[in-house]
Amino acid sequence: MNMKIEKVWLTDTEIWIRTEDGKEAHELLADYPRLRYATKEQLKKFITDDYGIRWEELDEDLSFEGFFHKKETTQLYQFFMNHPEINVSAIARRMGISQSLMAQYISGKKRASEKRMEMILETIREVGRELVAI
């Protein structure tokens, strides 16, 4: 879905968008660990394209389409929200899957198969074992 975005703006707690036809939507900065812990200066340094918003310095992307979808709380979403010190992108790279696919699993937009879910959880456990061994 390619929507025309008229305006993107930040408040202290949210990022907002307005479409050309006047629809507005927002996302909570607190729902994205990299945005939650970013400085105001870092948050201001975003770029947009036809599909979404990118913070290069923070390695974070939000799709415009996602602003208008109902959010589901998945097991992965809860885990990564409770453990922001664990880098989702690094887990995805370690598994050899794209960050965007991992983000879709976390958001509930796509459902991971049982096998894929076990692979994700095992990768997280493996990182945990490596940390404990230090």
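Because the structure is predicted, anything quoted here is derived from the model rather than measured.
Placement of I120 and L131 within a single hydrophobic cluster is found when ILVMFWY residues are connected by side-chain heavy-atom separations under 4.5 Å, directly or transitively.
The distance from the CD1 atom of I106 to the CD atom of Q78 is 11.5 Å, given to the nearest 0.5 Å. Rounding to the nearest 0.5 Å gives a distance of 5.0 Å between CD1 of I53 and CZ of F64. Remark: H69 NE2 to S107 OG distance equals 9.0 Å, nearest 0.5 Å. Distance check, rounded to the nearest 0.5 Å: CD1 of I17 to CZ of F67 gives 5.0 Å. Atom CD of Q75 and atom CG of L121 lie 5.5 Å apart (nearest 0.5 Å). Atom CD of residue E60 and atom CZ of residue R36 lie 11.5 Å apart, to the nearest 0.5 angstrom.
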Steps toward side-chain contact (heavy atoms from CB on, under 4.5 Å) verdict (L76, M117):
CA-CA 9 Å; L76 289 174; M117 186 63 152; 3.7 Å; yes
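In this view, Y37 satisfies the ring pair (Phe, Tyr, Trp, His ring centres under 6.0 Å) rule with no residue, not counting sequence neighbours. With sequence neighbours excluded, no residue satisfies salt bridge (charged side-chain N to carboxylate O under 4.0 Å, His left out) with E20.
Counting heavy atoms from C-beta on, the side chains of I86 and V127 never come closer than 4.5 Å. Residues K45 and E56 fail the side-chain proximity criterion, which asks for heavy atoms closer than 4.5 Å. Side-chain contact between L62 and Y32 is present, with at least one heavy-atom pair separated by less than 4.5 Å. By the 4.5 Å heavy-atom criterion applied to side chains, T74 and Y105 are not counted as neighbours.
Residue pairs meeting the salt bridge (Lys or Arg N to Asp or Glu O under 4.0 Å) criterion with at least one partner in residues 6-15, sequence neighbours excluded, are E6-R18, D12-K40. Screening residues 108-124 for salt bridge (Lys or Arg N to Asp or Glu O under 4.0 Å), with sequence neighbours left out, gives E65-K109, E118-R125, E122-R125, E122-R129. Residues in residues 94-105 take part in these salt bridge (Lys or Arg N to Asp or Glu O under 4.0 Å) pairs, two or more places apart or across chains: R94-E126, R94-E130.
Across every non-hydrogen atom of A92 and S98, the tightest pair is CB-O, 4.0 Å. Closest non-hydrogen pair, R34 versus L58, comes out as CD-O, 3.0 Å. A25 and F68 make their closest contact through CB-CE2, 3.5 Å (heavy atoms, listed as atom of the first residue, atom of the second, distance). Of all non-hydrogen atoms in W55 and L43, the two that sit nearest each other are NE1-O, 2.8 Å.
Grouping Ile, Leu, Val, Met, Phe, Trp and Tyr residues whose side-chain heavy atoms lie under 4.5 Å apart, directly or via other members, leaves V132 alone, with no other cluster members.
Checked by atom type, the side-chain pair D61/Y51 shows no donor-acceptor distance below 3.5 Å.
Side chain of T48 to main chain of G52: no donor-acceptor pair is present (N/O by atom type, distance under 3.5 Å, no hydrogens or angles).
Classification of R54 and D59 as a salt-bridged pair holds, one side-chain N sitting under 4.0 Å from a carboxylate O.
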